[in-house]
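Notes for the one structure printed next.
Side chains included, hydrogens not; waters and symmetry mates left out as well; all remaining heavy atoms used. The sequence lines fix the lettering, A, B, ..., with proteins before strands; numbering per chain opens at 1.
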Amino acid sequence: MARVKLDNYAYADVPRLGPRGWLRWMWRQVTSMRVALILLILLALAAIPGSVLPQWPQDASDTAAFLAENPTWGPILDRLGFLDVFGSAWFTAIYLLLFASLIGCIIPRIGVYWRELRAEVPAAPSRLDRYAPVTEDSPLSPADAVAAIRTELAGRGPAPWQWLTGFRVRVDERTGRDGVAEIAVSAHRGHVREAGNLVFHVSLVGILLAVAAGSLLTYRGQALIVEGDSFTNAVVAYDTYEAGSLFSEDDLEPWILTLEELDAQFDDTGRPTMFTAHATLTEPGQEPRAVDAQVNRPIQVEGAKIYLQGNGYAPSFTVTDSAGNVAFQGAVPFIPQDDVYTSTGVIKVPDVTEGEQLGFSGTLLPSALGEGPDAISVFPSPENPVIYLQMYTGDLGLDDGIPQNVYTLDESQLSPVRDDAGDVAVIELVPGQTVELPEGLGSITWDSLDRFAGFDLRRDPSLPWLLAFAITSLLGLGMSLFAPRRRVWVTVPTADAAGGEVTVVTAAVWSPPHDAGAALTRERALAAATGRPRPSSTSPEDDE
Amino acid sequence: MNAQELSWLALWGATALYAIAMVASSMHLARVADAKVARKRERELVAAGAMPADPAAGVSMNGAPAAASAPLKVTSKARGIAQATTLMGAVLQGIGVISRGIEAGHVPWSTMYEYTITGTWVAVVVLLIVQRRRDVAYLAPGVTGFATIGLGLAMTVLYAQSTGLQPALQSFWLVIHVSIAIISTGIFTVGATATVLQLMRDYRDAGTGWLQRFHWLEATPSPARLEALAFRLHAVGFVLWTFTVMAGAVWAEHAWGRYWGWDPKEVWSFVIWVIYAAYLHARTTQGWAGRRSAVIALIGFVALIMNFTVVNLVFQGLHTYSGT
Ligand code: HEM
């Protein structure tokens, strides 16, 4: 059994035969710094395909298109998880191993750190020559010089401040190498750095746990509300709804949100400058209150947030059927397709008195320029709104029990209505206008033009935890990288031993190479020992 | 002259000054290299004649000689010109950046053009700050060269008329998140410059053939000291980048209702963060400290540049501030 050094932080026993030895050997490997490093590199590499290839969770339609375009490679990539990298088995394996390594790494380090804090600082080495010692004469007595060094290095101020800025100091009276009695001061500073490092790594685990808890406890839904309409917070009211497995639908608070007005502002070139949804929120047992949602400024309700995610036009129509009865009345959201809000939508009229069901698919141009099929919209505001409708008759397919997309017509059992020339009839409407439908099927009126707001609602109780761990990790990281790790040693031969009047002070310092301020600490110790004023700035650096 | 013209003129002026600074600082560097080589010879001669000193004494653990060898101060006309043009360039660029902000009516970092002019400015300012504390003449050609190319590209290729901010960008977090991102990019840039020098110097000292031609490398400090400087810069950059990613998550939570969605920009910010974390670990891993960890830091910098170029221009995502 030989001990083998894996790297600076881990030793391993050469494995004995047998499962326990192997297990222990594997665990040592996993928690070694080198493996952590390799896992980090792997994690970075593994994330990259997630930005290059389309991903199911981010953009399902793009991903489906990619699969259609790449019939050979697409399915292989899909099966291997490349189209959902961040949910794939291999990505998960890498980060779970990394965190296993992390936990296996920090738990022993916390123990070591704890013992180190309680133990005394190691004594000064018997020879300081290896550490570029500097020697000075002091007018103080050896005891006074050492006391001054101790006060200087141990730090001042209230306890937490002293802990953060001071050294841990140890003083020995001993016989030095040459048989001379001396007082040796050994001061160590590095406890803050190590504490910061541990806080940082522990916070990373905290972040991972908070994210995991959040995904179990969250719910999120999307709903589209037309001006004047209300929305009650219940699963059925959402257009899409997802929840983590630990969230129960019964926990949804039945508050009501009424959209009063959606205010959309554009500059002269048609670029959006501001969207504001003015709404009224009624929470159970409370007075209704006015709330506003803007992009970047969600509405807060019962631990959840309501985000304004989209907006568009929702024209209102009245359709009468061939018998003259009102078969449909209401607003229909038209989904914007471009920056000037050219929008498309459908009207489904299943409840006709007699004959076949009616369906319309339409295009709304808020600021139409041109005539007929060539017309385009030139501005997002409704300067000159026009709607072009195509009409269909037949079976809308609503009774099949299969959930339907409300924004498209299922044309499989519908046939377009044609004009006298045999072309598909196009109905042109402006607000307030009523048009008779072809073949005596009734009439359609464009009553008014409202807007709708698309809301995204999310509750995630892990957010405060996430924020807290993010802050502690940042603080820990700062401490870990910027708090110095230094040792200072000072030896002072006691006067009688030296047999002279003057006190000779020898000081040396050790620090990692990147620490530019270490020499200053040595100067501080020397200054204290000789009663000089405290040096304030770094001594000029040698250039080689 | 309106703010737009002022900004345009000032930025071109800064580009020209940086180009001069780059040439002048390279010339100065060659001088320093000569002087260093000369001093080395002199020392060798002295040492050959004198009693050999105890090799252990006087060398501290951090590789610096304890005996205070007088720092080598090489003053040349080129150095004066380089410093003056860099400073004037930074002032002009500052005027250019600020008047662009005034013209646009918001902080000047919402398009690639604005990001570039502000980012290169930060890199030069970081150089000026480091320069005040220590003699880093060897960093000047790299950083001023980077600024010249960056600004030149910004003015000719990336330029975009200033516009109002889209609603999604109208946030206090834009100011926080992007400004810190730019500052850490500037710091990483200077850190990467030091790392490149570290590697070149290291391989040159080890006898790599083609590097022997680069006489000016004699002007740089030892690889160990360059690594120490690079680490300090990378450490600051890493903390700021960590903050950038976190502030971005907070902002995404405000704007889009999710703090993390693996948008291409988010993927790359994460990749950059992980690579630099790997660098920090590699520094303390046996067999990786030195050259290998330096290579990881440079890969991190390449990813940083990718994030700003390829990811903005090629990938579709919510971060569509590229302004093209
Ligand atoms: C989740 C991924 C991890 C990240 C993002 C991370 C990040 C960091 C950072 C930023 C530092 C500061 C570097 C410095 O002080 O120079 C650090 C230090 C350290 N990390 Fe990690 N770490 C991770 C995982 C691990 C793992 C798995 C281990 C155990 C094998 C580990 C062990 C250490 C040690 C021992 C140090 C101190 C190095 C020193 O300064 O001497 N880390 N880590």
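- A heavy-atom distance below 4.5 Å is not found between the side chains of Trp256(B) and Asp456(A).
- Annotation for Ile41(A) and Ala278(B): closest pair CG1-CB, 4.0 Å, computed over non-hydrogen atoms.
- Heavy atoms closer than 4.5 Å to chain B are found nowhere in Thr218(A), neither backbone nor side chain.
- Of the possible polar contacts, none joining the Arg34(A) side chain to the Thr285(B) backbone as a donor-acceptor pair under 3.5 Å is found.
- With a 4.5 angstrom heavy-atom cutoff, Ile272(B) does not touch chain A via any of its atoms.
- Using a 4.5 Å cut-off between heavy atoms, Val211(A) contacts chain B through both its backbone and its side chain.
- The part of Leu466(A) that comes within reach of chain B is its side chain, from C-beta onward, which places non-hydrogen atoms under 4.5 angstrom from that chain.
- By the 30° and 60° cut-offs, the orientation of the rings of Trp262(B) relative to Phe91(A) is perpendicular.
- More than 12 heavy atoms of other residues, nucleotides or ligands shown are found within 6.0 angstrom of CG on Asp205(B).
- Contact annotation for Asp460(A): only side-chain heavy atoms (C-beta onward) come within less than 4.5 Å of a heavy atom of chain B.
- Taken to the nearest 0.5 Å, the CZ atom of Arg458(A) stands 6.5 Å off from the OH atom of Tyr259(B).
- With a 4.5 angstrom heavy-atom cutoff, Phe200(A) touches chain B only via side-chain atoms.
- Here the closest non-hydrogen pair linking Ala44(A) and Ile275(B) is CB-CG1, 3.8 Å.
- For Val236(B), the parts lying under 4.5 angstrom from a heavy atom of chain A are both the backbone and the side chain.
- For Ile306(A), no part lies near chain B; criterion is any non-hydrogen pair under 4.5 Å.
- The heavy-atom pair separating Pro513(A) from Ala228(B) by the smallest distance is O-CB, 3.7 Å.
- The shortest heavy-atom contact between Met246(B) and Ala470(A) is CE-O, 3.4 Å.
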If you apply the rule side chain to side chain contact (heavy atoms under 4.5 Å, CB included), what do you find for Phe231(B) with Leu481(A), and how did you get there?
CA-CA 10 Å; Phe231(B) 166 68; Leu481(A) 289 172; 4.1 Å; yes

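- Across all non-hydrogen atoms, the minimal contact from Trp268(B) to Ser51(A) is NE1-OG, 2.7 Å.
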Determine whether Lys305(A) and Glu253(B) satisfy the following criterion, salt bridge (Lys or Arg N to Asp or Glu O under 4.0 Å), listing intermediate values before the conclusion.
CA-CA 10 Å; Lys305(A) 290 198 193 112; Glu253(B) 208 272 326; 3.0 Å; yes

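- Taken to the nearest 0.5 Å, the CG atom of Leu477(A) stands 13.0 Å off from the CZ atom of Phe243(B).
- Here Gly257(B) is the residue among Gly287(B), Ala235(B), Gly257(B) with the most heavy-atom pairs under 4.5 Å with chain A.
- Of the atoms belonging to Trp260(B), not a single heavy atom falls under 4.5 Å from chain A.
- For Trp56(A), the CH2 atom is densely surrounded, since the number of other residues' heavy atoms within 6.0 Å is greater than 12.
- Between chain B and the residues Ile48(A), Val134(A), Ile38(A), Leu45(A), the most heavy-atom pairs under 4.5 angstrom are made by Ile48(A).
- In this structure a side-chain-to-backbone donor-acceptor pair under 3.5 Å is present from Gln58(A) to Gly261(B).
- In this structure, chain B has heavy atoms under 4.5 Å from both the backbone and the side chain of Val52(A).
- Between the CH2 atom in Trp288(B) and the CG atom in Leu37(A) there is a gap of 5.0 Å [rounded to 0.5 Å].
- When every heavy atom of Arg232(B) is checked against every heavy atom of His514(A), the shortest pair comes out as NE-O, 2.9 Å.
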